[in-house]
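Remarks on the structure that follows.
Order of the sequence lines sets the chain letters (A, B, ...), proteins ahead of strands, with each chain counted from 1.
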Amino acid sequence: MPKIDPTPLFHPISPGTPRPVRFAFDGVGVSARTGDTILAAILAAGLPCGTSEFDGAARAGFCLMGSCQDCTMWDERGRRLRGCMTEVTDGQRLRSRPYDDET
Amino acid sequence: MGGEPIVAIVGAGPAGLAATRVLVQAGLRPIVLEEATLPGGQGTRRLSPLSEPYRAALYGQGADAMARREDTENAILAKCDYRPGTLVWACHDNQLELLGPDGFVGQPYTHLVIAVGATDRIMPVPGWTLPGVFTLGGSQVAVKRHASFIGRKVVFAGSSPLLYLAAAQYLRLGHRDLTVLDTTPMAAKLRAFPAMLRHAPRTAMEGLALMAELRRGGVAMLSGGTIRAIEGDGRVERLRYVTRKGRETVVAADAVAMGHGLRAETQLAELAGAEFRFDPDFRQWFARTDAMGRAGETLWLAGDSARIGGAQAADAAGSLAAQSLLASLGRQIPARLLRRGRRRLKAQLDFQRAMTGAFRWPAETVAELPDATPICRCERVTAGEIRATLAAPVGPVEINRVKSITRCGMGRCQGRFCGPALAEIVASAAGETPGRLRAQAPVRPIPLVADTEGAEQRA
Ligand code: FES
């Protein structure tokens, strides 16, 4: 299970915005605002969005607009998506690695 | 070709929207392809529903005019075959390859306008792969799409007028711990300013107003110097830089937004047959076009993807490209209209060219990068690995060869973020002007299943 950083990277502009949407990322429960992107919700929860398969260092997105692919992740059906371009849906289960990669 | 023309416009930013407007007014119904779910582009990006409540704070008095402009754009797009959420991933033989809500589709065209914009140009520094480092454009997308700040102590670092704009947007939204670190010295700005003022007085004065706003808001502004490193244990904790006078300085930060100007998105234009030329002022390769943006028999380019010029230049260039396209269909375009459009475009492009002196691309700093610095963030290829390859007897020192040996530029981002620095490293070894990475289809990685963006579709 990934470690949760008590001081997240992202901060909602309005800290009090309700977060009724619930989803799971690498087995960790995350709550999100309605209309949140997956990446924003993950970074606001104090999680990175994965690790580099080359040096193992944490990844947390870079361009935030779909260009760098740094926020690549996979959904339950094994589909690759970009966390910064995809809106989160309630009950979604996401992972930072593809399913066939159990290392 | 014969038959009805099929006009396709790729990109619904300022250039694509201007081209669309002109074509719709002429009675055509172009196909407009946009990768994002909202039109508007990047710099002039529309607010997501989540960020909509911040419209007034972000844009102040301009908010209403902006909302009206968006309504007009929507009305125009309603008269087109507008396809948001559609990735154009290849182009060959007058056909575009699309991936959108309907899956993979081939779209033939008779006339193509490419207006896909630009992304941040990045000069890597040690530590730029740490969590908490984002692109400068990304820091703006954070507030406009993700309704989030990228950190509590944010440094906007690099060399770009957008450093000041992004900082102002954070300030207007109530952020109170902001630093702008602009590596181009103030003296260079003062030298460039008269020309900027001459070509686009309004835009130049807006820049000054922005700086004054930041000063009033208590934003720390540093100028001149070199960024040495971004440091921290698993995330950004500080930025280390050396002032022009050689003094080592440390700024505490938990986020860095970095950018060194813009880099034209040229891949699709290359696949569509454009040729390129090196622009020594911008130190990057732009497509060859005529004064109207025509780049080939069936190809027009407009906006930042053709030449870095900003939103106003994009608007002028998009109109001109569409007028040229209409002329190729035998329509009469009043000469007066063309003259006015060309004058407007030239003023903005000259302004941007003057500005390259005020916000320099720090090409020479690649030489000082420690060997361990990752240049490719996708596959973590370091400066040292690239240098070692250049030192080995590999034959002609050519950027595409270095790419295939080191894999720098072959990762997921396909050279978008490592490309400019890689070109400078190779150029400094070869003593030549920077080379150009060749484009390959797909121009973006293709998701394994078509509807990965479906969730955002519903936004
Ligand atoms: S952060 Fe760059 S693609 Fe998502």
Taking it one step at a time, do His11(A) and His175(B) satisfy side chain to side chain contact (heavy atoms under 4.5 Å, CB included)?
CA-CA 11 Å; His11(A) 303 277; His175(B) 202 298; over 6 Å; no

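- Annotation: Asp55(A), atom CG; neighbour count of heavy atoms from other residues, nucleotides and ligands within 6.0 Å is above 12.
- When side chains are defined from C-beta on, Glu87(A) does not count as touching Ser48(B), because their heavy atoms never get closer than 4.5 Å.
- In terms of heavy-atom pairs under 4.5 Å with chain A, the best-connected choice from Arg377(B), Arg416(B), Arg444(B) is Arg377(B).
- Looking only at heavy-atom pairs under 4.5 Å with chain B, the residue among Ala57(A), Ser52(A), Ala41(A) that has the most is Ser52(A).
- Tyr54(B) has its side chain within reach of Ser14(A): a pair of non-hydrogen atoms, C-beta onward, lies under 4.5 Å apart.
- Under the 6.0 Å cut-off for aromatic ring centres, Phe62(A) and Phe417(B) qualify, their centroids lying closer than that.
- Within the 4.5 angstrom heavy-atom criterion, only side-chain atoms of Leu43(A), from C-beta onward, approach chain B.
- Sorted by first then second residue, the salt bridge (charged side-chain N to carboxylate O under 4.0 Å, His left out) pairs that include residues 18-35 of chain A, not counting sequence neighbours, are Arg33(A)-Asp36(A).
- Neither the backbone nor the side chain of Ala255(B) comes within less than 4.5 Å of any heavy atom in chain A.
- Proximity to chain A (any heavy atom under 4.5 Å) is restricted, for Gln42(B), to the side chain, taken from C-beta onward.
- Note on Val141(B), Val236(B), Thr119(B): by heavy-atom pairs under 4.5 Å with chain A, the leading option is Val141(B).
- Leu64(A) contributes atom CG, which lies 5.0 Å from atom NE2 of His146(B) (distance to the nearest 0.5 angstrom).
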Check against salt bridge (charged side-chain N to carboxylate O under 4.0 Å, His left out), Glu53(A) and Arg380(B)
CA-CA 9 Å; Glu53(A) 61 269 47; Arg380(B) 304 292 154 103; over 6 Å; no

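- Note: Ser67(A) leads Ala58(A), Ser67(A), Gly35(A) in heavy-atom pairs under 4.5 Å with chain B.
- Of the inter-residue distances, the one linking Thr34(A) atom OG1 with Leu50(B) atom CG reads 8.5 Å to the nearest 0.5 angstrom.
- Considering every non-hydrogen atom in both Ala40(A) and Ser148(B), the closest pair reads CB-OG, 4.1 Å.
- Both the backbone and the side chain of Arg152(B) have a heavy atom closer than 4.5 Å to some heavy atom of chain A.
- Leu173(B) approaches Ile13(A) most closely through the heavy-atom pair CD1-CD1, 3.7 Å.
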Distance-only criterion, 3.5 Å: show the donor-acceptor pairs between side-chain atoms of residues 122-136 of chain B and protein atoms not counting sequence neighbours.
unit_1, atom_1, unit_2, atom_2, d
Trp128(B), NE1, Pro374(B), O, 2.6
Thr135(B), OG1, Asp120(B), OD2, 3.3
Thr135(B), OG1, Gly138(B), N, 2.8

